[in-house]
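In each ligand, atom 1 is the first atom listed, and ligand 1 is the first ligand listed.
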Amino acid sequence: MQNQRIDSIELLEISKISDPDGRGNLSVIEKGTLPYEVKRVYYLYDVPSDATRGGHAHLELQQCLIALSGSFDVLLDDGKNRTKVHLNKPNRGLIIPSGIWRELENFSSGAVCLALVSDVYKEEDYIRDYKDFVFYKTK
Ligand code: TYD
């Protein structure tokens, strides 16, 4: 959606079930956890610390990013305002609505970024040029 603003971005605390016998933690995402139905899952890994991923916005697609391991920063931009979110917990999700520019950077060694996505891959849903994005937001 064209008019989405930075304040529509949500941080989701995902329930954590800690094992009473010290066997670690378990987190669950199921129907109803996210504000959309998940149609695709992808993950980023082995990302060099000086690399930037993302660098685009989506016309319709929504996604939730989770640092399953390690950490990274997500720069978010609605064409007017910018913010940066540091993800470093496997039980925290960043829900990015459509119409928000994002860049992922500062990946720690061993970081894994899980993306839970509202649609299958469609290149026509991407805005990959920042100037096009700003133009789209001011239309
Ligand atoms: P891209 O979305 O540009 O990656 P990032 O935003 O993380 O830098 O995708 C990189 C390549 O992978 C591009 O050629 C498209 C392809 N791709 C798929 O085929 N399916 C997918 O679900 C995704 C996310 C990417």
State whether any protein heavy atom lies less than 4.0 Å from atom 22 (O) of ligand 1.
yes
Within a radius of less than 6.0 Å around OH of Tyr42, do more than 12 heavy atoms belonging to other residues, nucleotides or ligands occur?
yes
Please check if a non-hydrogen protein atom sits closer than 4.0 Å to atom 14 (O) of ligand 1.
no
Taking 4.0 Å as the limit for heavy-atom contacts, which would you say applies to Arg40 with ligand 1: side chain only, backbone only, both, or neither?
side chain
Just how far is it from atom NZ of Lys16 to atom CG of Leu26, taken to the nearest 0.5 Å?
11.5 Å
Among all protein heavy atoms, pick the one closest to atom 6 (O) of ligand 1 and tell me residue, atom and distance.
His56 CE1, 2.8 Å
Kindly confirm or rule out a cation-pi arrangement of Arg82 over Tyr130, judged by NZ or CZ under 6.0 Å from the six-membered ring centre and within 45° of its axis?
yes
Output the distance between atom NZ (Lys84) and atom CZ (Arg102), rounded to the nearest 0.5 Å.
16.0 Å
What closest approach, in Å, do Tyr36 and Val117 show between heavy atoms, and which atom pair accounts for it?
CE1-C, 3.8 Å
Arg128 near ligand 1 by a heavy-atom separation under 4.0 Å
yes
Suppose I only count heavy atoms of Gly54 and a 4.0 Å limit; which atoms of ligand 1 are within that range?
5 (P), 6 (O), 7 (O), 8 (O)
Any idea which protein heavy atom is nearest atom 25 (C) of ligand 1, and the distance to it?
Tyr121 CE1, 3.8 Å
Partner of Val85 by side chain to side chain contact (heavy atoms under 4.5 Å, CB included), out of Asp73, Leu75, Leu94
Leu94
Less than 4.0 angstrom from a charged side-chain N to a carboxylate O is my criterion; do Arg92 and Glu13 meet it?
yes
Enumerate the atoms of ligand 1 whose separation from the nearest heavy atom of Tyr126 is less than 4.0 angstrom.
2 (O), 24 (C)
Protein contact of atom 4 (O) of ligand 1 - nearest heavy atom, named by residue and atom, plus distance:
Arg53 NH2, 3.3 Å
Under-4.0 Å protein heavy-atom contact, atom 11 (C) of ligand 1:
no
